Amino acid sequence: MSELVEHVDEQDRVLGVVERGEAVRQHWPHRIATTICRDRAGRILVLRRSETHSRFPGYYDVMVGGAVDVGESYEEAAARELSEELGVRVPVRFMFKFLCQEGISPVWFGVHEAVVTEPLIPDPGEIARQGWLTEAELCEVVDQRLFVPGGRKALRRYLESGSGSGAGELGAE
């Protein structure tokens, strides 16, 4: 079954509906909703993607997310993806969006934040393992491990936005 997404322009305006695979092949921008999760102590969830993941297998990431369905908002997609990938239903808060050119194709990332207090039930097809790191611990490993390029960039923007106390600790993009 093919996944339909909205092909968007450099201002995130909808140009049409296409199959996600075609958007990737043609390097057409489309939308991805993501969430950076924190626990009650303020630590950030770090995931290692499964080795069978279709995009960046085995890489680390701080974003939980996926494609925004046709007609769906970034917020709706972020909440849906948290439920699908981590088995949690928690409120998400929109933080910012940006056009990311790194990775397999250009995408608009809608980045959200959520505080997760319930146990995680990760989808093994998506997530091989996960753990919580402080901002300082994350800053030590983000450039030493294989991180999804968009996730690294989103993390830097997230911390610089004032959401985290470690603003500026990750260096240049």
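In this text the structure is predicted, and so the values were computed from the model without any measurement.
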Inset, instruction - Check for a donor-acceptor pair, side chain of Glu76 on one end and backbone N or O of Ser73 on the other, with a separation under 3.5 Å. - result: yes
Legend entry - Side-chain (Thr35) to main-chain (Ala114) donor-acceptor, under 3.5 angstrom: no
Legend entry - Salt bridge Arg80-Glu72, side-chain N to carboxylate O under 4.0 Å: yes
Legend entry - Distance in Å, Thr34 OG1 paired with Ile32 CD1, rounded so as to fall on 0.5 Å steps: 9.0 Å
Legend entry - Ion pair Arg38/Glu135, N-O distance below 4.0 Å: yes
Inset, instruction - Measure the spacing between CD of Glu10 and CH2 of Trp108 and express it to the nearest 0.5 Å. - result: 8.5 Å
Legend entry - Trace of the side chain to side chain contact (heavy atoms under 4.5 Å, CB included) decision for Val142 with Gln144: CA-CA 6 Å; Val142 71; Gln144 297 172 3; over 6 Å; no
Legend entry - Side-chain heavy-atom pair Asp39, Thr117 within 4.5 angstrom cut-off: no
Legend entry - Cys37: which of Val90, Leu82, Val115 passes side-chain contact (heavy atoms from CB on, under 4.5 Å): Leu82
Inset, instruction - State plainly whether one hydrophobic cluster holds both Leu120 and Ile127, where clusters connect Ile, Leu, Val, Met, Phe, Trp and Tyr through side-chain heavy atoms under 4.5 angstrom apart. - result: yes
Legend entry - Contacts of type side-chain contact (heavy atoms from CB on, under 4.5 Å), residue Glu51, not counting sequence neighbours: Arg48
Legend entry - Short N-O contact, Arg145 and Asp61, less than 4.0 angstrom: no
Inset, instruction - Would you please name every residue forming a side-chain contact (heavy atoms from CB on, under 4.5 Å) with Ala23, sequence neighbours left out? - result: Val5, Val18, Trp28, His30
Inset, instruction - Report whether Met95 and Val107 are members of the same hydrophobic cluster (ILVMFWY, side-chain heavy atoms less than 4.5 Å apart, transitive linking). - result: yes
Legend entry - Connected via hydrophobic side-chain network under 4.5 Å: Val62 and Val64: no
Inset, instruction - Give the C-alpha distance, both sets of side-chain angles, the deciding distance and a yes or no for side chain to side chain contact (heavy atoms under 4.5 Å, CB included) between Lys153 and Phe98. - result: CA-CA 10 Å; Lys153 190 169 208 165; Phe98 70 100; 3.7 Å; yes
Legend entry - Those residues that, when tested against Val14, pass side-chain contact (heavy atoms from CB on, under 4.5 Å) (two or more places apart): Glu6, Val8, Arg31
Inset, instruction - Could you tell me which non-hydrogen atom of Ala67 sits nearest to which non-hydrogen atom of Ala77, and how far apart they are? - result: O-CB, 4.5 Å
Inset, instruction - Is it possible for you to say whether Leu155 and Leu146 belong to one hydrophobic cluster, with membership spreading through side-chain heavy-atom contacts below 4.5 Å? - result: no
Inset, instruction - Before giving the answer on side chain to side chain contact (heavy atoms under 4.5 Å, CB included), spell out for Phe147 and Phe56 the whole-Å C-alpha distance, their side-chain angles and the decisive distance to 0.1 Å. - result: CA-CA 9 Å; Phe147 262 79; Phe56 302 104; over 6 Å; no
Legend entry - Interatomic spacing from CZ in Arg25 to CD1 in Ile104 - rounded to 0.5 Å: 11.0 Å
Inset, instruction - Examine distances only and state if a side-chain atom of His27 and a backbone atom of Ser105 form a donor-acceptor pair shorter than 3.5 Å. - result: no
Legend entry - Euclidean distance, Lys97 NZ relative to Arg157 CZ, rounded to 0.5 Å: 12.5 Å
Inset, instruction - Group every Ile, Leu, Val, Met, Phe, Trp and Tyr by side-chain heavy-atom contacts under 4.5 Å, then state whether Phe94 and Ile36 land in the same group. - result: no
Inset, instruction - Check step by step if side chain to side chain contact (heavy atoms under 4.5 Å, CB included) holds for Glu75 and His112. - result: CA-CA 8 Å; Glu75 291 85 356; His112 302 77; 3.7 Å; yes
Inset, instruction - To the nearest 0.5 Å, tell me how far His7 NE2 sits from Leu15 CG. - result: 5.0 Å
Legend entry - Side-chain (Glu81) to main-chain (Ala78) donor-acceptor, under 3.5 angstrom: no
Inset, instruction - Hey, could you give me the CD1/CD distance between Ile44 and Glu137, rounded to the nearest 0.5 Å? - result: 10.5 Å
Legend entry - Within-4.5 Å side-chain heavy-atom neighbours: Val46 and Leu138: yes
Inset, instruction - Report yes or no: does Glu126 contribute a side-chain atom to a donor-acceptor pair with the main-chain N or O of Pro122 at less than 3.5 Å? - result: no
Inset, instruction - Applying side-chain hydrogen bond (donor to acceptor under 3.5 Å, both in side chains) between Tyr60 and each of Gln130, Arg129, Arg49, report the one that passes. - result: Arg129
Inset, instruction - For residues Phe109 and Tyr74, report the shortest heavy-atom separation together with the two atoms involved. - result: C-CE2, 4.4 Å
